[in-house]
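Numbers restart at 1 for each chain; the letters A, B, ... are given by sequence-line order, proteins then strands. Please read all numbers here as calculations on a predicted model, not as lab measurements.
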Protein chains: 2
Amino acid sequence: MRIEGADPGTVRPGGRTARVRASVLQAAGDALAEHGFAGLDLADIARRAEVGKTTVYRRWGTVTILVADLLTDMAEQSLPRTETGSLLGDLKANARLVQRTLADPRQGALFKAVIAAATCEAKTAEALHRFYDIRVKEWAPCVQQAIDRGEVPEGTDVHEVIRAVSAPLYYRLLTSSGGLDEAAADQAAEAAVAAARAGAYLRGDEGHA
Amino acid sequence: MRIEGADPGTVRPGGRTARVRASVLQAAGDALAEHGFAGLDLADIARRAEVGKTTVYRRWGTVTILVADLLTDMAEQSLPRTETGSLLGDLKANARLVQRTLADPRQGALFKAVIAAATCEAKTAEALHRFYDIRVKEWAPCVQQAIDRGEVPEGTDVHEVIRAVSAPLYYRLLTSSGGLDEAAADQAAEAAVAAARAGAYLRGDEGHA
DNA sequence: CTCATAATGGCACTCCAGTTTCGTTAATCA
DNA sequence: TGATTAACGAAACTGGAGTGCCATTATGAG
């Protein structure tokens, strides 16, 4: 007897089902990086993935849901964080990592597309938020260490500092034609450190800048 | 004799043509705010604008080009800048303006949609970049005044400081589920001021943060 | 290994976004 | 004011995105 509420792919997730998912997500990433979010059709993805288009429509249904799944997959592949001993050093490492990712043609286009998709569907937006929450949490400890060392005032919102590093880089990517070079990354890190030291990111406080 | 290369709407831009453009852009804004960038079809816009769908397809052709035109229109409607006498005051005013705009359901959705559209087409991206260039230029003088007053070091990139105020707000809008409140706006302004004072936005220099 | 059935994939079908055609309306110029 | 023709709009048309059906494949349990 068939269980009505079960989504396809959940009862027998191994073997072919997993292979199909991996292949489709790979193809989706390629297609997004190439054509962007608009002008993307599932039939094309199915062709690239060498999978029947019926399967893609049945398991994901829409482009935005497929992107949400892609984001879940991307979130699982976490990059290890480097430690340099100083807040500026750590944040520069973070900023350069983000900058390199966004400046890379394929990755940059993919991130743009993924952000665009997230503006169109709540489920996708949720997946995107989870993705960034994970990344931010991964790097937050280096700010805590800076607090412990006395580099940054007690009560600083460590997550907000990490976000402050990425924000100007993403803002550039989306709203400006200027290139994303290492100087931009370093500037982002330096600005975040300066603001954090000045107490601009104190929790539940307006700061004293 | 018909001029082959002339786009429709360029030879007789007055009267009805202008009315149609205004009506369609209004409808496009409404539709974008309601349905987002995806799930937007030109036939729906034509219906809202009480205009033949043939006209919309002929004059704009695709959603992304229509959005580019909408952005050109939005760029022309400039908001006057307030002056408070201090850099922090000016930037807080700017941050709150941005925050109120993005937090407003209609405007926020519209901006998200417009950014999404810009990731899909070069022409639209160009229009978006122009839009922000204009806004940044509008506010840049208040940073120059701060330099003249000695609040901020000589050689600071005034445009970069303005962008630094908006960046965290847009980053929140797109990548986080956290609400955009006045505290977020104030924090963005304070961080920008602290970083600017510390020399993080010195032109062609890595700063000394 | 064998069985029950989850999941896939090909094919035919539907439906609507986007196009073409052509008659009507009205902007611009003399 | 009238002539010219740019621009609009209704209707008919078309291609392909998305769906339903069913035979085939192969997963996972016993």
message: For a quick test of reading the model: is some side-chain N or O of A:Thr55 closer than 4.0 Å to OP1 or OP2 of C:dG9?
response: yes
- prompt: Can A:Glu138 and A:Arg135 be counted as an ion pair, charged N to O under 4.0 angstrom?
  reply: no
Pair of N/O donor and acceptor under 3.5 Å linking D:dG9 base with B:Lys53 side chain: no
Rounded distance (Å) that lies between atom P of D:dA7 and atom CG of B:Asp7: 9 Å
Presence of A:Arg59 side-chain N/O under 4.0 Å of C:dT8 phosphate oxygens OP1/OP2: yes
statement: Atom CG of A:Leu66 and atom P of D:dA17 are separated, to the nearest Å, by 16 Å
task: Return the value, rounded to whole Å, for the distance between atom CG of A:Asp41 and atom C1' of D:dT19.
output: 15 Å
- prompt: Are B:Arg100 and B:Asp104 within salt-bridge range, i.e. N to O under 4.0 Å?
  reply: no
- prompt: Once you round it to whole Å, what is the distance between C1' of C:dT8 and CH2 of A:Trp60?
  reply: 11 Å
query: Would you say a side-chain N or O of B:Tyr57 is under 4.0 Å from OP1 or OP2 of C:dT19?
result: no
field: Rounded interatomic separation in angstrom, taking CD1 from A:Ile45 and P from D:dA17
entry: 12 Å
Side-chain donor-acceptor pairs of residues 107-127 of chain A under 3.5 Å, sequence neighbours excluded:
unit_1   : atom_1 : unit_2   : atom_2 : d
A:Thr119 : OG1    : A:Ala116 : O      : 2.6
A:Glu121 : OE1    : A:Thr64  : OG1    : 3.4
A:Thr124 : OG1    : A:Thr64  : O      : 2.8

message: If the threshold is 4.0 Å, N to carboxylate O, is there a salt bridge linking A:Asp133 and A:Lys137?
response: no
statement: Of A:Gly15 and A:Arg47, the one whose nearest nucleotide on DNA chain D sits closer to the 5' end is A:Arg47
query: Roughly how many Å is it from CZ in B:Arg12 to C1' in C:dC29, rounded to a whole number?
result: 9 Å
field: Side-chain donor/acceptor of A:Arg58 to base of D:dT19, under 3.5 Å
entry: no
- prompt: Taking for each residue the nucleotide of DNA chain D bearing the nearest heavy atom, is the 5' side occupied by B:Val51 or by A:Thr54?
  reply: B:Val51
task: Take A:Asp30 and A:Arg106 through the salt bridge (Lys or Arg N to Asp or Glu O under 4.0 Å) test and state the conclusion after the steps.
output: CA-CA 8 Å; A:Asp30 292 346; A:Arg106 185 184 186 282; 2.6 Å; yes
task: Send over the distance from A:Leu42 CG to D:dG16 P, rounded to a whole Å.
output: 16 Å
query: Is the shortest side-chain N/O distance from B:Arg19 to OP1 or OP2 of C:dA27 below 4.0 Å?
result: yes
query: How is B:Thr17 classified with respect to the nucleic acid when contacts are heavy atoms under 4.0 Å: base, sugar-phosphate, or nothing?
result: sugar-phosphate
message: In whole Å, I'd like the distance from the CZ atom of A:Arg16 to the P atom of D:dT25.
response: 9 Å
message: What contact category does B:Thr62 fall into here, base, sugar-phosphate, or nothing, at under 4.0 angstrom with non-hydrogen atoms?
response: nothing
- prompt: Where each residue is assigned the nucleotide of DNA chain C containing its nearest heavy atom, which of B:Leu40 and A:Pro13 is assigned the position nearer the 5′ end?
  reply: A:Pro13
- request: Could you tell me whether B:Gly61 contacts a base, only the sugar-phosphate backbone, or nothing, with contacts defined as non-hydrogen atoms closer than 4.0 Å?
  value: nothing
